[in-house]
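Please read the structure below before turning to the comments.
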Amino acid sequence: NGITAVFGPSGSGKSSLLNIIAGFDQADAASTVRFKDDTWLNEKSIPTPIEQRGVGYVTQASTLFTHLTVKDNLLFSAKRNFSNRFNTYSFEFADICERFKLYPLLKRMPDKLSGGEKQRVVIARALLSSPRLILLDEPLNALDAISKEEILSELATLRNEIALPMLYVTH
């Protein structure tokens, strides 16, 4: 539980590590990936499918659906909520919108958002799936200093309120 930071220079494998944990990339045959009581990958079994891991993933680049409004991007994730399978908590749409100051953005399309606004929506969307683990790959690169502090504060609050495990990659 809590926030674990992984840091290092560009090209050192930080993003590759997250992609292996999420199940997007394959590791070498001798690798093992475990989370809590589950083994997601080892040399003796078939890897656990991505959708069964319950991972929320925030990448460096905005990954919003360009044909959906901000609200519909958020609802897309909320409908795929992992809370029934893994967690006792479930994030509420209104709570996440309030925490990340998204109400003024709900009707906008992603191409009408600043880089920082997009990243706030991406983080909120990942949280609305109520993941059992959230992977954050340099999620604050597009944000100004004030926005970074606000987002970090919210992530710390979530860590304290529900003990949401986070793996946070940064330089």
Side-chain angles (χ1 to χ4, degrees), residues 1-7 14-15 17-19 21-24 35-36 50-171:
N1 291 329
I3 300 173
T4 300
V6 177
F7 60 94
K14 302 178 304 293
S15 296
L17 172 66
L18 292 189
N19 286 331
I21 292 169
F24 297 138
F35 178 72
K36 298 196 175 189
I50 294 168
E51 68 275 8
Q52 293 178 14
R53 295 182 187 204
V55 173
Y57 197 171
V58 177
T59 62
Q60 296 175 41
S62 170
T63 54
L64 296 173
F65 297 114
T66 58
H67 66 289
L68 298 177
T69 64
V70 167
K71 180 178 181 181
D72 290 336
N73 264 280
L74 296 172
L75 290 174
F76 179 88
S77 183
K79 290 175 188 172
R80 283 139 189 88
N81 191 308
F82 293 116
S83 65
N84 293 338
R85 286 187 266 171
F86 303 115
N87 303 317
T88 57
Y89 70 88
S90 179
F91 290 112
E92 297 296 326
F93 185 86
D95 179 45
I96 290 295
C97 286
E98 182 71 29
R99 286 177 190 261
F100 291 93
K101 299 179 174 83
L102 299 178
Y103 280 113
L105 309 178
L106 291 179
K107 293 182 181 178
R108 291 172 57 191
M109 299 302 287
D111 66 339
K112 303 298 182 196
L113 302 174
S114 70
E117 289 170 334
K118 286 178 186 177
Q119 216 44 12
R120 287 192 349 244
V121 175
V122 170
I123 293 168
R125 187 177 66 182
L127 290 169
L128 279 170
S129 70
S130 297
R132 65 194 291 208
L133 168 66
I134 190 158
L135 305 175
L136 300 149
D137 191 358
E138 300 190 42
L140 306 180
N141 282 353
L143 301 177
D144 59 64
I146 294 170
S147 296
K148 284 181 182 182
E149 182 57 40
E150 289 173 349
I151 298 294
L152 287 173
S153 176
E154 282 304 326
L155 292 174
T157 299
L158 292 172
R159 175 205 60 210
N160 295 338
E161 287 178 1
I162 61 169
L164 175 62
M166 299 178 205
L167 188 56
Y168 189 101
V169 163
T170 187
H171 284 353

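Taken to the nearest 0.5 Å, the CE atom of M109 stands 6.5 Å off from the OG1 atom of T69. R132 CZ to L164 CG: the interatomic distance, rounded to the nearest 0.5 Å, is 11.5 Å. Rounding to the nearest 0.5 angstrom, the gap separating the OG atom in S129 from the CD1 atom in I134 is 7.0 Å. Atom CD of E138 is separated from atom CG of L18 by 9.5 Å, given to the nearest 0.5 angstrom. In this structure, R159 CZ and E154 CD are separated by 12.0 Å, a value rounded to the nearest 0.5 Å. Rounding to the nearest 0.5 Å places CG of D95 at 7.5 Å from CD of E161.
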For L158 and R99, run side chain to side chain contact (heavy atoms under 4.5 Å, CB included): C-alpha distance rounded to whole Å, both residues' side-chain angles, the deciding distance at 0.1 Å, then the answer. CA-CA 10 Å; L158 292 172; R99 286 177 190 261; 3.6 Å; yes

Output, in order, the C-alpha distance, side-chain angles, deciding distance and verdict of side chain to side chain contact (heavy atoms under 4.5 Å, CB included) for N19 and Y57. CA-CA 9 Å; N19 286 331; Y57 197 171; 2.8 Å; yes

Would you please test L133 and I21 for side chain to side chain contact (heavy atoms under 4.5 Å, CB included) and show each step? CA-CA 10 Å; L133 168 66; I21 292 169; 4.1 Å; yes

Checking side chain to side chain contact (heavy atoms under 4.5 Å, CB included) for the pair R53/F35: CA distance, chi angles, key distance, verdict? CA-CA 9 Å; R53 295 182 187 204; F35 178 72; over 6 Å; no

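Residue L113 comes nearest to K118 through the heavy atom pair O-CE, 3.5 Å, listed as atom of the first residue, atom of the second, then distance. The heavy-atom pair separating L106 from L74 by the smallest distance is CD2-CD1, 3.8 Å. Across all non-hydrogen atoms, the minimal contact from V55 to P131 is C-CB, 4.0 Å. Considering all non-hydrogen atoms of both residues, S130 and F91 come closest at OG-N, 2.9 Å. When all heavy atoms are compared, the tightest approach of K14 to V169 is CB-CG1, 3.5 Å. Taking every heavy atom of both residues into account, T63 and V122 meet most closely at N-CG2, 3.8 Å.
Residue-environment remark: CZ (F7) stays at or below the threshold of 12 foreign heavy atoms within 6.0 Å.
No donor-acceptor distance shorter than 3.5 angstrom exists from the side chain of R120 to the backbone of G116, with no hydrogens or angles considered. Of the possible polar contacts, one joining the T157 side chain to the S153 backbone as a donor-acceptor pair under 3.5 Å is found. Here the side chain of D137 pairs no donor or acceptor atom with the backbone of Q60 at under 3.5 angstrom. In terms of modelled atom types and a separation under 3.5 Å, the side chain of Q119 and the main chain of L140 share no donor-acceptor contact.
Side-chain contact between L143 and K148 is present, with at least one heavy-atom pair separated by less than 4.5 Å. Contact of the L155 side chain with the L136 side chain is registered, since non-hydrogen atoms from C-beta on lie closer than 4.5 Å.
Between K101 and E150 there is a salt bridge, since a side-chain N of the basic residue sits under 4.0 Å from a carboxylate O of the acidic one.
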